[in-house]
Amino acid sequence: MTFKRHTVTAALPYANGPVHIGHLAGCYLPADIYVRYLRLKGEDVKFICGSDEHGVPITIKAKKEGITPQQVVDKYHKLMGDAFKDFGISFDIYSRTSSKTHHETASEFFKKLYDKGVFKEEVTEQYFDEKANQFLADRYIVGTCPKCGNENAYGDQCEKCGSTLNATDLINPKSTLSGEKPVLKKTKNWFLPLDKMQPQIEAYIDSHKEWKSNVFGQCKSWLNAGLQPRAMTRDLDWGVKVPVDGADGKVLYVWFDAPIGYISATKELFMQHNDGINTLSPEGRAGEGWEKYWRDKESRLVHFIGKDNIVFHCIIFPAMLMAEGSFIVPDNVPANEFLNLEGDKISTSRNWAVWLHEYLLEFKDKQDTLRYTLCSNAPETKDNDFTWKDFQAKNNNELVAILGNFVNRTLVLTHKYYNGKVPETLEYTKSDILLLEEISKFPDKIAASIEQYRFREALSELMNLARSGNKYLADNEPWTLIKTDEKRVQTIMNISLQIAANLAVVMEPFLPFTSKRLGGMLNLNPSLKWNDAKRTDLLLAGHQINAASLLFEKIEDEAISAQVQKLADSKKANEAAGKAIEPSKAETSFDDFSKMDIRVGTILEAERVPKTDKLLKLLIDTGFDTRTVVSGIAAYYKPEDIIGQQVSILVNLAPRKIKGIESKGMILMAENSAGELSFVSPLKPNVNNGSGIK
RNA sequence: GGCGAGGUAGCUCAGAUGGUUAGAGCGCAGGAUUCAUAACCCUGAGGUCUCGGGUUCAACUCCCGAUCUCGCUACCA
């Protein structure tokens, strides 16, 4: 390790929902293990996090619940902060992007780039709500999804069919603010010219071939596609105000302001530590406070994130930092993949999750069991699955049976034979010496894995240490020897106790609660460092240990089936919700209906549109002409199967070019609850092409 | 469709620069044992390394193609 200090961040969680096991396994737990390890090594490290509280979804949630955005973020900021604390995620500071410091910091950052002339100003057309007198973010617009017909699709995405949309794609767009039809209006925004910065960014990424393959590959993928300028401001009133003239009603893009949150949080940390001495001014106390963690080349910046954040942390944020000029850039971004739950994607909206705050109500004081399970099964190289059965097995067969059991039998025997006093070592056998050598290698072995972000490997090495202990006891059978060779037993128990002591030290990053308890039982010096665990004399002869209690308890089948049942209920509720028939649309007039000219037509030709997954190019005989229609039905119909098929077609829809093909009209489709499409056709054979549908 | 990451024992995963009988943990079977939360310890069974081709004396490891999973991205009037 050649760096003087470490700035470690964990992704700022978005303040619109509680924290679940996926967050923990993918980001916060590995980050915490890493940081706790560094601290034990005596390294200078700051662990930074906070709530990400801006952006459109929060304003929508607030509106839905009839409260202010501030009330939304206050609620979740507390909930998330408490959950992290409860699980021992040892942030040096857990801040929030609605703080004053953050607004100032983000604002200054933007201003500096603005003054340097980094941004490209661009005027674009965005939907505007004339009644509410404001621009509408994509999320604020609902309309009919052009793909699946869902009437409540958002401007950026249809949640029913999952397709990503542009607000301008929606049929019958409506503002969620006023219910009015929005109009297109020009607006100015500031873009970060990532295209121009590409060579610089490319060089940066290429200098980090040591990054995890998923991270590096994803970055290269973006670079190969060519970076595009990206708007760093939005027309919205919730967020950090854009600090330049002519930017009223605009805020910083949430992805511009969020990563700066790492910097602001570090500032706040030092404001606290320095008893209010303001270290904000770069000139004033340069190098004294927060700045050395962000500006000194000998500081190592590491971002722990989930894979959804790769582009922001590896490309956009570094680009921002480079453009600003006075900051270091991330040295590594160990992103994890995703954790699934019982075979399905974790979903907040579908309540398919294990929430941290609920877990602790049902598994009181079992933080370390979850930490252990999630770490040993972390999605480090690919998506992974969390199952309750696995959780139970890992607790009962590994934590209880191997680790807890070893410690318990050692302590019980020590109390039984020596009233809790550490016995002397008298004479080492050959195998004792080999074992002691083996034990002293564990800290370096585990450290090597942690430093490569291979936490599951590190954890399994930790368990191997406990296994060595169990084997040592089984091989030497002190409970038998006590009858014939008491002196030998002294040495055996001493060595076993040393193993327990070493375990207490090296387990700390992974199982901090258990480490503390074990340390207490052993009456261990709490200031022991990581490297002390290389020694095998942490407990001196005559040292008095305290009463033993079980480190872990078994989890019974009932507790597990209760959790499985809870998820099954959740699934049932979702299915019921999925089957619910959508309520009728607002009343319309006969005149409006009559404007639509829907006819019966027959498909004459059908072929896949090249380089698309969903599109078929159809030639339709409408009775009065023959026309081409492009339709997104390739997933449901094979071209050769639908030649001659009669369909309903909206013939007077304005033509539109799709993938370079002029599409005239729209085929009407019925959609079932699974989102599958089906033609709507006449049932009697004597309906001619061109017949009107009324 | 393009790009990226994956597909290795029942399950979860390791397997530098290609080289004797492909590894670990859990689960399973058998044995041994009783200090310990019927735990620990020992032994064992289990894999045509997704499928085809190719390069090579030799490929899980390199090349080409197919296929499945996940993600990013295009497309849906």
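Within every chain, numbering begins at 1; the chains are lettered A, B, ... in the order of the sequence lines, protein sequences first and strands thereafter.
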* Structure fact -> Taken to the nearest whole Å, CD/Gln392(A) to C1'/rC11(B) is 15 Å
* To do: Considering only atom P, compute the distance from rG4(B) to rG65(B) and round it to an integer number of Å.
  => 12 Å
* With rounding to whole Å, what would you report as the distance between rC28(B) and rU34(B) at their C1' atoms? -> 23 Å
* Atom-pair distance (CZ on Phe391(A); P on rC26(B)), nearest Å -> 18 Å
* **Nearest-Å distance for atom pair CG/C1', residues Leu618(A) and rC76(B)** => 12 Å
* To do: State whether Lys617(A) and Glu605(A) are salt-bridged, where the test is any N-O pair (Lys NZ or Arg NE/NH1/NH2 against Asp/Glu carboxylate O) under 4.0 Å.
  => no
* Structure fact -> Ranking Asp383(A) and Lys483(A) by the position along RNA chain B of their nearest nucleotide, the one closer to 5' is Lys483(A)
* To do: Consider only side-chain N and O atoms of Glu438(A) and Ser468(A), and report whether a donor and an acceptor are under 3.5 Å apart.
  => yes
* Asked: Using a cut-off of 4.0 Å on non-hydrogen atoms, how would the nucleic acid contact of Ser213(A) be classed: base, sugar-phosphate, or nothing?
  -> sugar-phosphate
* Strand RNA chain B as a dot-bracket string - pairs counted if Watson-Crick or G-U with both distances under 3.5 Å, | where the partner lies in another strand -> (((((((..((((.....[...)))).((((.........)))).....(((((..]....))))))))))))....
* To do: For the pair Arg627(A) (side chain) and Ile620(A) (backbone), establish whether a donor and an acceptor sit closer than 3.5 Å, ignoring hydrogens and angles.
  => no
* **Nearest-0.5 Å distance that lies between atom CH2 in Trp222(A) and atom CD1 in Ile205(A)** => 12.5 Å
* Structure fact -> With syn meaning chi within 90° of zero and anything else anti, the base of rG18(B) is anti
* Structure fact -> Atom CG of Leu616(A) and atom P of rC75(B) are separated, to the nearest Å, by 17 Å
* Asked: Is Lys664(A) paired with Asp625(A) through a side-chain N to carboxylate O contact shorter than 4.0 Å?
  -> no
* Would you kindly say whether Asn494(A) and Gln490(A) are connected by a side-chain donor-acceptor distance under 3.5 Å? => no
* Asked: Between the side chains of Glu337(A) and Asn214(A), does any donor sit under 3.5 Å from an acceptor?
  -> yes
* May I ask you to say what Leu653(A) touches in the nucleic acid, namely base, sugar-phosphate or nothing, with a heavy-atom cut-off under 4.0 Å? => sugar-phosphate
* Asked: Atom CD of Glu380(A) and atom C1' of rG6(B): how far apart are they, to the nearest Å?
  -> 15 Å
* Could you tell me whether Lys416(A) contacts a base, only the sugar-phosphate backbone, or nothing, with contacts defined as non-hydrogen atoms closer than 4.0 Å? => sugar-phosphate
* Asked: Along nucleotides 59-64 of chain B, 5' to 3', which nucleotides get a B, which get an S, and which get a -, given that the test is a protein heavy-atom distance under 4.0 Å?
  -> ------
* Is any side-chain N or O of Thr381(A) closer than 4.0 Å to OP1 or OP2 of rA14(B)? -> yes
* To do: Assign Ser631(A) to base, sugar-phosphate, or nothing according to its heavy-atom contacts below 4.0 angstrom with the strands shown.
  => sugar-phosphate
* With distance as the sole criterion, is a donor-acceptor pair present between the side chains of Thr514(A) and Asp368(A) under 3.5 Å? -> yes
* For atom CD1 of Ile661(A) and atom C1' of rC75(B), their distance in whole Å -> 10 Å
* Structure fact -> Per-nt protein contacts along nucleotides 39-47 of chain B (heavy atom under 4.0 Å; B base, S backbone sugar-phosphate only, - none) come out as SSSS-----
* is_close_aromatic(Phe391(A), Phe363(A)), centroid dist under 6.0 Å -> yes
* Taking the C1' atom of each, how far is rC49(B) from rA9(B), in whole Å? -> 10 Å
* Tell me what Leu551(A) touches on the nucleic acid: a base, only sugar-phosphate, or nothing, going by heavy atoms under 4.0 Å. => base
* P gap between rC57(B) and rA66(B), integer Å -> 28 Å
* To do: Determine yes or no for a side-chain-to-main-chain donor-acceptor pair under 3.5 angstrom, with Thr373(A) supplying the side chain and Thr369(A) the backbone.
  => yes
* Asked: Taking the six-membered ring for Trp, are Trp255(A) and Tyr14(A) ring centroids under 6.0 Å apart?
  -> no
* Between rU12(B) atom C1' and Lys389(A) atom NZ, what is the distance in whole Å? -> 12 Å
* Specify the separation, in whole Å, of atom CD1 of Ile346(A) and atom P of rG71(B). => 13 Å
* Sugar-phosphate, base or nothing in reach of Phe552(A), heavy atoms under 4.0 Å -> base
* To do: Would you mind classifying the nucleic acid contact of Val311(A) as base, sugar-phosphate or nothing, using non-hydrogen atoms under 4.0 angstrom?
  => nothing
* Does a side chain donor of either Asp432(A) or Thr429(A) reach within less than 3.5 Å of an acceptor in the other side chain? -> yes
* Asked: Under a 4.0 Å N-O cut-off, is there an ion pair linking Asp206(A) with Lys220(A)?
  -> yes
